[in-house]
Amino acid sequence: DRPTLAVVGATGAVGTVMLQILSQHADIWGEIRLVASPRSAGRKLTVRGEEVEVMALCEEAFDGVDVAMFDVPDDVSAQWAPVAAAKGVVVVDNSAAFRMDPDVPLVVPEVNPHAARVRPRGIVANPNCTTLSMIVAIGALHAEFGLRELVVSSYQAVSGAGRAGIDTLRQQMSLVAGTELGTSPGDVRRAVGDNTGPFAEPVALNVVPWAGSLREDGWSSEEMKVRDESRKILGLPDLKVAVTCVRVPVVTTHSLTVHARFQSEVTVDKAREILATAPGVVLFDNPAAGEFPTPADVVGTDPTWVGRVRRSLDDPAGLELFVCGDNLRKGAALNTAQIAELVAGELTGA
Ligand code: 2RA
């Protein structure tokens with residue numbers, strides 16, 4: 001029998017992409033149950049071409065469920081994932097609530113699929129979208145060269161902050177479109193007013209060097225996630241990682257510049273060979289022909305796209321890369337679905 005799946009948080013920005021992905025991967029699951037906050041209960045959503053009514057999140061929603069994907073705020077996951085797990089459900093959770101719990105594996109199927117099998121709490125965590133937007137490519141290079149250090153800057157899309165992020169960018173763009181704004185200090189801020197939504201500053205005609213909440217010594221929570229999660233996924237607890245997270249006026253697809261240092265000397269030819277053949281990675285790197293990945297082309301696709309591959313000028317063990325990944329697909333819904341499919345295969349002996 002095919003296993004029963006619950007999708008908790010079915011109505012959010014990630015949930016919507018999840019239903020598309022589940023419709024494209026149609027033969028894995030038996031029943032697919034949609035669960036959301038009581039506010040969304042009763043809504044009908046389409047999955048696999050059928051309308052399904054959304055149930056309110058409650059203990060009974062997990063009756064008979066084999067695997068549950070959670071895409072809800074941290075506090076909702078913290079409360080409800082253990083409730084589902086106590087009923088024997090394997091939870092694949094996309095919040096930050098359990099990612100760094102030593103009894104919860106943090107899984108990227110192309111990098112550490114074996115980790116999903118050991119889940120003492122019945123929970124498997126899905127990494128943050130910024131980590132996920134680069135880690136498949138980094139994992140492939142690490143397997144060959146042995147990673148020592150990462151220096152990363154992100155260029156994060158507004159949908160990382162959910163529907164509110166998308167709505168905020170669209171509203172701000174309509175306020176600045178066709179104007180001469182962006183020519184004197186504060187003019188964009190005045191036009192946008194208090195309408196900064198989930199962001200610290202206007203994001204239209206701007207870049208904002210901030211994502212998440214304030215942590216010690218001026219670091220952001222988003223920066224700490226990239227560091228902590230990369231270490232855990234790669235099994236490198238002492239990996240040196242320096243990250244600066246930046247929000248840009250892109251709807252969906254996070255980009256990152258990466259400086260990666262390895263154990264010993266690397267060559268661009270070997271790096272290109274690895275990236276060209278690694279599952280889940282597309283090498284798109286021909287600057288002479290104007291070919292490199294950009295969010296506008298990568299959005300809606302599954303792989304991690306890599307371009308601008310160069311050897312560091314001042315370090316023969318270093319590589320410079322530009323990476324793009326759809327933050328709602330591989331960055332969230334797709335990786336969650338892939339983990340859930342690994343678990344489904346295990347449950348059905350496939
Ligand atoms: C963001 N990574 O882009 C966050 C969402 N998890 O805001």
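As the structure lists them, so they are numbered: ligands from 1, and atoms in each ligand from 1. For the numbers below, each heavy atom of this structure counts, side chains included, while hydrogens, waters and symmetry mates do not.
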Would you say Val188 and Asn206 make side-chain contact, with heavy atoms under 4.5 Å? no

Please list, in number order, the atoms of ligand 1 under 4.0 Å from a heavy atom of Thr130. 2 (N)

Hey, are the side chains of Phe322 and Val306 touching, using non-hydrogen atoms and a 4.5 Å cut-off? no

Ser153 versus Val246: any side-chain heavy-atom pair under 4.5 Å? no

Would you mind listing which atoms of ligand 1 come within a distance below 4.0 Å of any non-hydrogen atom of Gln156? 1 (C), 2 (N), 3 (O)

Ranked by distance from atom 7 (O) of ligand 1, the top protein heavy atom is Arg247 NH2, 2.7 Å

Minimum-distance pair of heavy atoms, taken over all atoms of Pro127 and Ile233: CG-CD1, 3.6 Å

I need the contact type for His254 against ligand 1. Using non-hydrogen atoms and a strict under-4.0 Å cut-off, is it side chain, backbone, both or neither? side chain

Inspect the contact between Glu229 and Lys232 and indicate whether a charged nitrogen and a carboxylate oxygen are less than 4.0 angstrom apart. no

If you have a sec, work out which protein heavy atom is nearest atom 1 (C) of ligand 1 and how many Å separate them, to one decimal? Gly160 O, 3.4 Å

Distance-only polar pair, side chains of Glu222 and Asn128, donor-acceptor under 3.5 Å: yes

Quick one: which ligand 1 atoms are inside 4.0 Å of a heavy atom on Glu222? 1 (C), 2 (N), 3 (O), 4 (C)

Asn128 heavy atoms within 4.0 Å reach ligand 1 at atoms 2 (N), 4 (C), 5 (C), 6 (N)

Ligand 1 atoms in contact with Cys129 (distance to a heavy atom under 4.0 Å): 2 (N), 3 (O), 4 (C), 5 (C), 6 (N)

